[in-house]
Amino acid sequence: MPARQAPPAKEAVRKQVDRYVPAEIEARWQARWEADGLYTARVDPSRPKFYFLTMLPYTSGNLHWGHWFAMTPSDSRARYLRMRGYNVVYPIGFDAFGLPAENAAIQRNIHPKTWTYANIDSMRRQLRTMGASWDWSREAISADPEYYRWTQWFFVQLFRHGLAYKKMAPVDWCPKDNTTLAREQVIGEERVCERCKTPVIKKDLEQWFFRITAYAEELLDFTHIDWPEPIRHLQTNWIGRSEGARVTFQTEAGDPIEVFTTRPDTLWGATFLVLAPEHPLVAKLTTPDRQPAVAAYVQQTLRQSDIQREAADKQKTGVFTGGFAVNPVNGERVPVWIADYVLLTYGTGAIMAVPAHDQRDFEFARAFGLEVRPVILPPGVDALDGRTMAQAEPGYGTMVGSGELTGTPADRAVDAAIQYVEARGAGRRAVNYRLRDWLISRQRYWGAPIPIIYCPEHGQVPVPDDQLPVLLPDDVEWRPTGESPLKLHPTWKHTTCPVCGQPAERDTDTMDTFMCSSWYHLRYLSPHDQQAPFDPREYDYWMPVDTYTGGAEHATLHLMYTRFFHKAMRDLGVTRGDEPMLQLRNQGQILGPDGQRMSKSRGNVIDPGEQVLAHGADAVRAYLMFGYRWQEGGPYSVENIQGVVRWLHRLWALVLESADAPAREGDPAAARRLRRSLHEAIRQVSADLETFEFNTVVSGLMELSNALAQAREDGLEGTTEFRQAVETSLLLAAPVVPHLAEELWHRLGKPYSIHQQPWPAVDPSALAVEEVTLAVQIDGKVRDRIQVPVGVSEEEARRAALASAVVQRHLAGRAPRQVIVVPGRLVNIVT
RNA sequence: GCCGAAGUGGCGGAACUGGCAUACGCGCGCGACUCAAAAUCGCGUUCCUUCGGGAUUGUGGGUUCGAGUCCCACCUUCGGCACCA
């Protein structure tokens, strides 16, 4: 759709001006800014720095609304901060490794590398059309050897300090993508793969893990960062901290069983133990006569998918092992069962079952005729009978039937029980986390190879720093088979041990791409550094990131991993400070016009590129800022984009039409009104850019445009006040519509570039008014409005309000009981 | 079930610490321009009204001179977690 021409206004004396054709100006200014290095950021200790970071895009091929919505409002804020005098670094790069590249490459039968780098080329071009103020000289691509050399270097650092380790474990496996996944990449109740939505299965595999659990406690501390509350809650819940005790039960087979409980006060009611079927002690505890039943149950559990197994409403199943343990607090002999409702991966993989006070244990006990023994009396409960209880009683209360501790009240029961077991060496206070270590091995091709060599003599040997990167070979069969493609390469894995020089083999897995993106903000500091992952001088100046913007869907993935990574590297002396990103803000999502997620299958995809072609990048930027609450997002609206398109055409025409109006004097009152509108706009636009309230940034600019139009009606064209207001309008609009502002600034003959001008300051005297309108309320309802001088006394305001004819009529002779005066706002007459 | 976010005109959404609800824009209506239409410009636009006024921020209570905003209970929608001991 071509931009439409605005004819001269009806007075017909308006100068005929060029129409606004964004296509003619946007590319030109983009090229100029880049040629001039306008946004190239350099360390300059004489100026305050600002590290503004937007989540790097994945190399999926095309920019969609999500990119525009995340990036262009952020860019406006970066531009604003630059005009405010900050030395802003606003870098960009590409998250280029990963499964989608491989899967797309498989579909199209082209090499993942070819596909990825072709996408980067086209995405670079598309990104440039946004008119964003990125420092392209800092571009980093995670699939470049000069990048992943350092990803591997970080792995080696973690390995050397015991934070990366390999272990055999039941892990989540995506049967479609043929690779393991981190726990965080398994989504929802259906337990599907984050990428392809295929239900995951469990496999026992030897895999590399990062010890994120060592940082569980510290990751719960958000006191020094300004992150959105929902993200803090999601991470807190994911980490899942529980306080309680670990208690040891001796067994008749010899090996003790350790359990974790949050309710040590119920220990005396533990009438049996339950182990996860995969628990290592199961074989040892099982008596010969129970062997067939136990083996059958374990087999059955293994065959079941996790979804079947973890369905909460499922009937409890399990079998008796034949083994017995001893309850350490009362010396009673309790049977040991196995059941699939106990998870190997949480706590110790074993529980003490207290059927009277835990609903799951209760259901299990009733299903198998096990004893239910109440040992807690919650307030208001006189007695509980284990034989007749219909459900568990999970509340806290006074201990009963608990030996020496009988009678301990609710508020002391847990502590008393912990002290009791600690004194007898049967247990200790403990904190347990739901968080598990981060599984980073991937049996896929398109990732950074894990830099470990296996030597028959020296075991796991990290690749020495001077031999990094371990290059990913191009000549592989990269289609997935379930084995790592690197393993099937004829020569790649064969190498020599860095310690002894004897033949050895490389690890043939690659790393989770979330490892690559855990430190990209550091690579931006010096993307071509050959000596180190980043230049410490750049680090000391720019870090930490001051503002980070991106999607909330990474709450328990990237946003948690990158915090862990930073803290681990801090402890290794690589980074400084406790947190990598001080302020985080999440944008919402742009949906299709039907309110559904845009997708080809729904046929509701609107291409942002087409809108840019039709209306210009500036209009799309302004539309995205104006039409939504940025943190919320919402459906794309064809009608609403017209609103900002009109505004931009009006602004364009107004500026050019009034550009060389002959100088004259105007009505002082009208001039004062214009000046007040101008400074109110400066105040509002500044404050709202600061706080990410982008919709009111644009509405403030529109109101200012309306005030200019009114001023023109009032005959102010040609006055100093009018010219200043026009120029300041352009400065205020520059962060939002950078091309249009630059073009008009240029046409007004102002010095290049508008983006290097200082941000306008609010003059408080311009905001001052002589008269204010007070609302006059009677019993809280507005009945009248009165004009009073600005500094009017309360007494005068009251008198003026009571003098109002409307008020007199409503009062009808009654005397007000009370009159409340809120200076500058209202008078409320209470009858 | 647990945790979190959000409910304001026909629509997107404003409303800073409790003080004039509905800014700004879309849409719609009327008018101007036009042979006509589009575009553009101007005016109007929360709802009801007997034109006095009355009602209104998901629902019901409460605090207050005054509540979209604070408190209590509930409803709806969306997101996350879920046999986590």
Side-chain angles (χ1 to χ4, degrees), chain A residues 4-12 187-189 228-234 236-238 240 242 244 259-263 266 274 309-314 316 339-343 345-354 357-361 363-364 432-435 552-553 555-556 588 623 626-629 631-632 634-635 637-644 646-647 649-650 653 683-684 687-688 691 693 695-696 698-703 705-706 709 713 773-785 809 816-831:
Chain A
R4 295 194 168 84
Q5 180 167 5
K10 64 175 172 219
E11 298 86 68
I187 307 298
E189 193 176 355
E229 200 166 281
I231 299 287
R232 302 199 311 257
H233 279 287
L234 284 168
T236 301
N237 290 346
W238 188 262
S242 298
V259 301
F260 173 74
T261 177
T262 54
R263 294 296 303 273
T266 64
V274 188
R309 183 172 164 183
E310 291 183 4
D313 52 356
K314 200 186 75 166
K316 292 284 179 290
D340 63 6
Y341 80 92
V342 176
L343 308 175
T345 44
Y346 183 80
T348 61
I351 62 153
M352 62 175 210
V354 185
H357 304 293
D358 180 284
Q359 186 59 26
R360 296 154 299 177
D361 298 343
E363 286 165 19
F364 192 82
N432 198 60
Y433 302 93
R434 215 181 66 105
L435 183 70
E553 68 275 13
T556 54
Y623 162 68
F626 178 59
Y628 306 85
R629 289 190 266 224
Q631 343 256 342
E632 305 286 323
S637 157
V638 198
E639 288 86 29
N640 283 348
I641 198 169
Q642 289 299 334
V644 292
R646 279 181 207 146
W647 167 56
H649 278 91
R650 271 200 300 271
R683 191 199 61 72
Q684 193 208 320
D688 292 347
T691 54
E693 285 162 82
N695 48 357
T696 46
V698 179
S699 73
L701 291 172
M702 286 174 167
E703 281 176 279
S705 294
N706 294 345
E713 292 289 305
T773 308
L774 294 186
V776 181
Q777 298 180 332
I778 296 175
D779 296 329
K781 283 194 200 308
V782 178
R783 298 298 181 179
D784 198 7
R785 285 161 226 272
R809 198 180 67 223
R817 275 199 296 139
Q818 195 185 351
V819 179
I820 286 149
V821 179
V822 182
R825 291 193 183 270
L826 54 74
V827 179
N828 189 13
I829 298 163
V830 187
T831 62

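Here is the naming used below: chain letters follow the sequence lines, and residue numbers restart at 1 for every chain. If you're wondering where the values come from, they're calculated on a predicted model, not measured in any experiment.
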Base, sugar-phosphate, or nothing: which does [X] touch, judged by heavy atoms less than 4.0 Å apart?
| X | value |
| --- | --- |
| A:S242 | sugar-phosphate |
| A:L234 | sugar-phosphate |
| A:R783 | sugar-phosphate |
| A:Q684 | nothing |
| A:S637 | nothing |

Phosphate contact ([N] OP1 or OP2) by [X] side-chain N/O below 4.0 Å:
| X | N | answer |
| --- | --- | --- |
| A:K781 | B:A55 | yes |
| A:R646 | B:U40 | yes |
| A:N695 | B:C24 | no |
| A:N706 | B:G25 | yes |
| A:R629 | B:U8 | no |
| A:T696 | B:A23 | no |
| A:Y346 | B:A85 | yes |
| A:R825 | B:U17 | no |
| A:R434 | B:A82 | yes |
| A:R360 | B:A82 | no |

Assert: residue with more 5' nearest nucleotide on RNA chain B, out of A:M702 and A:G240, is A:M702
Closest to the 5' end of RNA chain B, once A:W238 and A:R809 are matched to their nearest nucleotides, is A:R809
Using the [atom1] atom in both, what is the distance from [N] to [M], to the nearest Å?
| N | M | atom1 | result |
| --- | --- | --- | --- |
| B:C72 | B:U63 | P | 15 Å |
| B:U64 | B:G27 | P | 47 Å |
| B:U57 | B:G52 | P | 26 Å |
| B:G25 | B:G19 | C1' | 27 Å |
| B:A21 | B:C16 | C1' | 15 Å |
| B:G62 | B:A14 | C1' | 28 Å |
| B:C26 | B:C75 | C1' | 30 Å |
| B:U77 | B:U8 | P | 14 Å |

Within this structure, what is the [atom1]-to-[atom2] distance between [X] and [N], rounded to whole angstrom?
| X | N | atom1 | atom2 | answer |
| --- | --- | --- | --- | --- |
| A:I231 | B:A5 | CD1 | C1' | 11 Å |
| A:Q359 | B:C84 | CD | P | 11 Å |
| A:E693 | B:A14 | CD | P | 8 Å |

What class does the angle between the rings of A:F364 and A:Y341 fall in, given that below 30° is parallel, 30 to 60° is tilted and above 60° is perpendicular?
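Ring orientation, 0 to 90° scale: tilted.
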When rounded to the nearest 0.5 angstrom, what is the spacing between [atom1] in [X] and [atom2] in [Y]?
| X | Y | atom1 | atom2 | answer |
| --- | --- | --- | --- | --- |
| A:Y346 | A:I351 | OH | CD1 | 12.0 Å |
| A:D688 | A:N695 | CG | CG | 8.0 Å |
| A:D784 | A:T773 | CG | OG1 | 11.0 Å |
| A:D779 | A:Q777 | CG | CD | 9.5 Å |
| A:M352 | A:R263 | CE | CZ | 9.0 Å |
| A:D340 | A:K316 | CG | NZ | 8.5 Å |

What's the closest nucleotide to the side chain of [X] if the choices are [options]?
| X | options | result |
| --- | --- | --- |
| A:Q818 | B:C65, B:G12, B:G54 | B:C65 |
| A:P230 | B:A21, B:G25, B:A5 | B:A5 |
| A:I820 | B:C65, B:A85, B:G12 | B:C65 |
| A:K316 | B:C24, B:C83, B:A15 | B:C83 |

Syn/anti state for B:G66 [syn: chi within 90° of 0]
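Here the answer is anti: the torsion falls beyond 90° from 0.
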Within 90° of 0 counts as syn, otherwise anti: where does B:G9 fall?
syn
Both distances under 3.5 Å, Watson-Crick or G-U wobble: report the partner of [N], or none.
| N | value |
| --- | --- |
| B:U69 | none |
| B:U34 | none |
| B:C16 | none |
| B:C78 | B:G4 |
| B:G9 | none |
| B:G44 | B:C28 |

Looking at A:D361 and A:V354, would you say the former's side chain and the latter's main chain have a donor-acceptor pair under 3.5 Å?
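Checked: pair present.
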Between the side chain of A:Y628 and the main-chain N/O of A:P635, is any donor-acceptor distance below 3.5 Å?
yes
Quick one: does A:N828 reach the base of B:C65 with a side-chain donor-acceptor pair under 3.5 Å?
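When only heavy-atom distances are counted, A:N828 does reach the base of B:C65 through a donor-acceptor pair under 3.5 Å.
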